[in-house]
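In what follows, a single structure is set out as structure tokens and then discussed.
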Amino acid sequence: MSTPAYPPMPPHPMLPPRTLNIEGRGELYMRDSGETDPTRPAVMLLHGWTVSSDLNWDAAYDPLVAAGYRVLAIDHRGHGRGLRTTVPFRLTDCAGDAVAAVRALGLAPAIFVGYSMGGTIAQLIARDHRDAVSGIVLSATAQHFQDPQTARLWRLMGGLRLLLSLAPRTAWRAGFRQLGIPMSPRTAWWISEMTRNSARDVAEAGRELGRFDSRPWLGSLDVPATAVITTGDQSVPPDNQREAATALGATVYEAPIDHLEVTTRASEYNPALLRALAALEAAAERPAAAARA
């Protein structure tokens, strides 16, 4: 039976797109809610591996804007509409891109929210660009991804690059079938977005995650932090997520979802994210109130 020819339409209107030409980096693509009210805290959303900002965060955009935030969501290098370069993919470069965008818009220091791979980028931002950070939220992420099961995945990156280069739509459809996700208008949009990725950069990003290890330094960071633990996560074990939160001294909130359910079960994830952000705001307000007193 042939695959239904669903048009690749997003499930709802997204935040306005924005590009920034950053000297020494290139043209960065992101979503930007665009409010100019200086009392709105700026929140930069950092997406996970193989997806784009829209695929990771589309269900959170409107609730975050409604809660009073200036919402930014960057597409990382080689992902979605993100920057393409001649150099290998590096997580530290993604961290620098996100910070450069916030600085260019005059919104630093900002809150950075990292999901999965985005959580490793948030950790690097807190380490390398502390003056640009008012707080971070880690979610569905860890200090390292070097357990034996995940390490086997990283060794397959060369094959993944070849497959995505030769037959990206076939590869993504097969992956969805493996996960038991049927074709539908929404999954047609998901696949259309994922075919925007650079096969080279996605494979190299997988290798980068395999090399990432913040255990030697995460506990030494002095940055306000919260964590949203995805307690049903079968990709990043919740215990590993909690270890990262403990190392950083982060206040923990829980969302009872699996790794890939951040949008499909947004009604269970977004309240935890909003509580995590509110806790960072409250922590920032306490010293300010003490100083005024």
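Numbering starts at 1 and runs along the sequence shown.
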| query | Think Arg127 forms a cation-pi with Trp217, using NZ or CZ under 6.0 Å from the six-ring centre and within 45 degrees of its axis? | reply |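 Because its charged atom sits under 6.0 Å from the ring centre and within 45° of the axis, Arg127 does stack over Trp217.
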[X]-[Y] side chain donor-acceptor pair, cut-off 3.5 Å:
X: Gln241; Y: Thr141; answer: no
X: Tyr269; Y: Ser139; answer: yes
X: Ser52; Y: Asp54; answer: no

Quick check: do [X] and [Y] have side-chain heavy atoms less than 4.5 Å from each other?
X: Phe212; Y: Arg207; value: no
X: Leu273; Y: Val137; value: yes
X: Leu248; Y: Val223; value: yes
X: Arg77; Y: Glu204; value: no
X: Asn56; Y: Leu45; value: no
X: Val133; Y: Pro109; value: no
X: Leu72; Y: Leu105; value: yes
X: Leu277; Y: Leu64; value: yes

| Residues in salt bridge (Lys or Arg N to Asp or Glu O under 4.0 Å) with Asp58, at least two apart? |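 Checked Asp58 against salt bridge (Lys or Arg N to Asp or Glu O under 4.0 Å); matches are Arg186.
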Any salt bridge between [X] and [Y], counting N to O under 4.0 Å?
X: Arg90; Y: Asp201; answer: no
X: Glu243; Y: Arg215; answer: no
X: Glu254; Y: Arg275; answer: no

Least distance between heavy atoms, [X] atom then [Y] atom:
X: Pro238; Y: Thr230; result: CG-O, 3.7 Å
X: Thr120; Y: Met117; result: OG1-O, 2.6 Å
X: Arg265; Y: Pro256; result: NH2-O, 2.9 Å
X: Asn197; Y: Gly80; result: OD1-N, 2.8 Å
X: Pro8; Y: Trp189; result: O-CD1, 3.7 Å
X: His259; Y: Ala140; result: CE1-O, 3.4 Å

| request: Before giving the answer on side chain to side chain contact (heavy atoms under 4.5 Å, CB included), spell out for Val236 and Asp233 the whole-Å C-alpha distance, their side-chain angles and the decisive distance to 0.1 Å. | output: CA-CA 6 Å; Val236 182; Asp233 205 312; 4.2 Å; yes
In the single-linkage hydrophobic clustering (I, L, V, M, F, W, Y; side-chain heavy atoms under 4.5 Å), do [X] and [Y] co-cluster?
X: Ile229; Y: Leu260; value: no
X: Ile121; Y: Leu28; value: yes
X: Tyr253; Y: Tyr115; value: no

Side-chain ([X]) to main-chain ([Y]) donor-acceptor, under 3.5 angstrom:
X: Arg70; Y: Glu35; answer: yes
X: Thr85; Y: Val87; answer: yes
X: Glu261; Y: Asp258; answer: yes
X: Trp49; Y: Val202; answer: yes
X: Arg84; Y: Gly82; answer: yes
X: Ser33; Y: Val71; answer: yes
X: His47; Y: His76; answer: yes
X: Gln123; Y: Ala142; answer: yes
X: Arg40; Y: Val65; answer: yes

| Can you list the steps and then say if Ile125 with Ile136 is a side chain to side chain contact (heavy atoms under 4.5 Å, CB included)? | CA-CA 9 Å; Ile125 290 171; Ile136 66 171; 5.6 Å; no
Would you compute the distance between atom [atom1] of [X] and atom [atom2] of [Y] and round it to the nearest 0.5 angstrom?
X: Leu280; Y: Thr226; atom1: CG; atom2: OG1; value: 4.0 Å
X: Glu193; Y: Thr50; atom1: CD; atom2: OG1; value: 12.0 Å
X: Thr19; Y: Arg81; atom1: OG1; atom2: CZ; value: 12.0 Å
X: Thr231; Y: Glu268; atom1: OG1; atom2: CD; value: 9.0 Å
X: Leu221; Y: Ser214; atom1: CG; atom2: OG; value: 8.0 Å
X: His144; Y: Asp213; atom1: NE2; atom2: CG; value: 6.5 Å

| Do Tyr61 and His12 have ring centres separated by under 6.0 Å? |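 Ring-ring flag for Tyr61/His12: false, centres at least 6.0 Å apart.
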| Pick one: which of Leu20, Leu83, Asp75 meets side-chain contact (heavy atoms from CB on, under 4.5 Å) with Tyr29? |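 With Tyr29 as partner, Leu20, Leu83, Asp75 yield a single side-chain contact (heavy atoms from CB on, under 4.5 Å), made by Asp75.
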| said: Please evaluate residues Leu46 and Met44 with respect to the criterion side chain to side chain contact (heavy atoms under 4.5 Å, CB included), reporting the C-alpha separation (whole Å), side-chain torsions for both, the decisive distance (0.1 Å), and the verdict. | reply: CA-CA 6 Å; Leu46 309 170; Met44 172 64 87; 3.8 Å; yes
| request: Report the C-alpha separation of Val43 and Phe112 in whole Å, then their side-chain angles, then the decisive distance to 0.1 Å, and conclude whether the side chain to side chain contact (heavy atoms under 4.5 Å, CB included) test is met. | output: CA-CA 6 Å; Val43 174; Phe112 293 85; over 6 Å; no
| Asp222, CG: over 12 other non-hydrogen atoms inside 6.0 angstrom |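 Open.
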